[in-house]
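Have a look at the structure below before the remarks.
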Amino acid sequence: MGESVAEATITNWLKEVGDKIEADEAVLEIATDKVDSEVPSEVSGILVEQLFGKDDLVQVGQTIAIIETEGGEMVPVVKAAATPEAIAEVTKTVDAAKDSVALATSGLVDFSDSDKFFSPLVKNIASAEGISVAELEQINGTGKDGRVTKNDILEYVKNRGSQAVSTPAKTVEAAQAAPPVAQKAAPVSVSGGDEIIEMDRMRKLIAGYMVASVQTSAHVQSFIEVDVTNIVKWREKNKNAFEKREGEKLTYTPIFMEAVAKALKDFPGLNISVDGDYIIKKKNINLGMAASLPNGNLIVPVIKNADQLNLVGMAKAVNDLGGRAKAGKLRPDDTQGGTYTVTNVGTFGSVFGTPILNQPQVGILALGAIRKVPAVIETPEGDFIGIRQKMFLSHSYDHRVVDGALGGGFVKRVAEYLESFDVNRDL
C-alpha cells in the first residue's frame with residue numbers, strides 16, 4: 001500500500017476458507033479511494049479464517065485473514081482435502097494463539113438489522129460483554145464518521161455500571177407493535193421503455209466527492225486566453241524525433257504541466273490545502289492529472305514532485321500514469337497526495353470549463369481546446385491580422401482562501417510561461 005493510504009474496502013475475496021494459497025498469489029481485491037488492487041499472500045499455506053467480509057472497511061495494518069503455514073514445507077493440498085473437520089481443527093489451534101482481535105462469530109448479537117457500521121473487533125467485544133445492538137448504536141463514537149472505536153466501547157464497558165445506555169420499555173413495546181418495514185424495491189420504469197441502471201461504486205464515489213466539494217468550497221473562476229502558436233510549432237517539429245528516441249508520444253500535456261509546476265513555485269499560495277480554520281502549506285508540488293476511463297468514469301493520478309522533472313521526465317510520467325489509468329493498473333498511492341489538479345477539457349472539444357475542486361486542494365486548471373483564430377499581431381512596423389493557435393485557461397479556486405489577485409495572478413503566470421515558450425528549445 002502507498003504510504004499515504006490509510007484504509008481500504010474489501011470488494012471481493014478471491015480465496016475461500018480451506019483454499020490452498022501459494023506465496024504471492026492474490027487472496028482478495030480491495031478498493032482505496034477510486035483504485036482497485038489485488039492483495040497477494042506473503043506465504044504459502046491454507047486460508048483458515050477471513051476476519052472481514054466483502055464491503056468491510058479496514059485500516060492499514062489490521063489483520064484481515066489467517067493463513068496456516070507448514071513451516072516452509074511444500075505440502076500438496078487440494079480443495080477437496082480441506083474438509084470442514086480439518087479446517088475446524090486448524091482454526092481451533094489458531095484461535096488459541098490469537099487475542100481478541102477476531103471476528104465475532106458467536107451469534108450472541110445479531111448486527112444485521114443495524115444501519116451503522118461496526119468493526120469486527122467492536123462486534124466481538126459487544127458480543128462478549130452482552131451489549132445489545134440498540135445499546136451499541138447509542139454509544140458516541142470518536143472514529144471517522146462517528147464510528148465506534150475499540151477505545152470507545154472499552155470505555156463504555158468500564159463505565160457501564162453507572163452510565164449504561166438502555167432502551168426504554170415503552171420504546172421496545174412500540175418497536176414490537178410496529179409493522180415490519182418493507183425493503184425498498186428497485187425503481188421500475190413507468191413507461192416500460194426506460195432502462196434503470198444503478199451507479200457503479202466509482203460513480204457513487206465521484207458523485208459524493210463532487211457534491212461535497214461544492215458544499216465545502218466557495219468556487220470562483222478566472223479565464224485567460226493564451227497564444228500557444230510557438231508550442232504547436234515546436235511540438236510538430238520534435239514529436240517524431242521524440243517518439244523515435246524515447247519510444248513514447250509527445251503530447252501537449254507535459255508542456256502545460258511544466259508551466260503549471262513553475263507557476264506554483266511562483267505562487268505557493270495555490271499549493272495549499274484547508275483543514276478547518278487552518279491552512280496547510282504543501283512542501284511538494286504534486287500535480288493531479290484528471291483522466292477519463294473507458295467506462296466513462298474519471299480518475300486523477302498524481303505526478304509527484306512535478307517541479308523537479310524536466311520535459312522528458314514529465315512526458316514519461318504523463319504517459320505512464322495515463323496509460324495505466326486506462327488499463328486499470330494504477331496503484332493505490334498513484335492517486336494520493338495531490339496538491340493541485342489539471343484537467344484537459346479540450347480533449348472533448350470544449351473551449352473552456354468551470355471544473356470542481358478536488359478537495360482538499362484549493363485550485364484546479366482546465367485546459368481548453370487549441371484553435372486557429374484570427375488575431376491582432378503587434379510588430380515594430382504596426383499591427384496586422386494573422387492566424388494564431390490559441391486556447392483558454394479556466395482556473396477554479398477556493399475563494400475562502402484564494403482571492404482574485406492570487407487566483408488571477410497564478411493563471412496569468414501560467415499563460416506567460418506558455419506564450420514565452422522557446423520554439424528553438426532542445427529536447
- prompt: Between Asn286, Ile285, Leu365, Ile364, which is the residue that forms a side-chain contact (heavy atoms from CB on, under 4.5 Å) with Tyr340?
  reply: Leu365

query: Is any side-chain heavy atom of Asn284 closer than 4.5 Å to a side-chain heavy atom of Lys304?
result: no

message: Nearest 0.5 Å, please: how far is CD1 in Ile272 from CZ in Phe267?
response: 13.5 Å

Ile30 CD1 to Ile10 CD1 distance, which is reported to the nearest 0.5 Å: 8.5 Å

task: For Ser213 and Gln359, run side chain to side chain donor-acceptor pair (under 3.5 Å): C-alpha distance rounded to whole Å, both residues' side-chain angles, the deciding distance at 0.1 Å, then the answer.
output: CA-CA 6 Å; Ser213 181; Gln359 296 293 335; 3.1 Å; yes

- prompt: Using 30° and 60° as the class limits, which term best fits the ring planes of Phe421 and Trp234: parallel, tilted or perpendicular?
  reply: perpendicular

task: If a pair satisfies side chain to side chain donor-acceptor pair (under 3.5 Å) and one of its residues is in residues 308-326, list it, with sequence neighbours excluded.
output: Glu246-Lys316, Glu248-Lys316, Glu248-Asn319, Asp320-Arg324, Arg324-Asp334

- prompt: Are any of the side-chain nitrogens in Arg400 or Asp398 under 4.0 Å away from the carboxylate oxygens of its partner?
  reply: yes

message: Check whether Arg203 reaches the backbone of Gly296 with its side chain - one donor and one acceptor, N or O, closer than 3.5 Å.
response: yes

message: With heavy-atom distances below 4.5 Å as the criterion, would you say the side chains of Val274 and Thr216 are in contact?
response: no

field: Ser420 (side chain) donor-acceptor with Tyr417 (main chain) under 3.5 angstrom
entry: yes

task: May I ask you to decide if the ring planes of Tyr397 and His399 are parallel, tilted or perpendicular, using 30° and 60° as cut-offs?
output: perpendicular

- prompt: Which residues satisfy the side-chain contact (heavy atoms from CB on, under 4.5 Å) test with Ile224, sequence neighbours excluded?
  reply: Val226, Leu393, Val411, Lys412, Ala415

message: Using only atom types and a distance under 3.5 Å, with no angle test, would you say the side chain of His395 pairs donor to acceptor with the backbone of Gly407?
response: yes

query: Any side-chain heavy atom of Leu47 sitting closer than 4.5 Å to one from Ile67?
result: yes

message: For Phe392 and Phe352, take the angle between the two ring planes, folded into 0 to 90°, and tell me which bin it lands in: parallel under 30, tilted 30 to 60, perpendicular over 60.
response: perpendicular

- request: For the pair Glu29 and Arg201, find out whether any cationic side-chain nitrogen is under 4.0 Å from an anionic carboxylate oxygen.
  value: no

query: Do Val133 and Leu136 come within less than 4.5 Å of each other through their side chains, counting heavy atoms only?
result: no

- request: Evaluate the criterion side-chain contact (heavy atoms from CB on, under 4.5 Å) for residue pair Leu154 and Lys158; output intermediate values, then yes/no.
  value: CA-CA 6 Å; Leu154 290 179; Lys158 179 181 176 182; over 6 Å; no

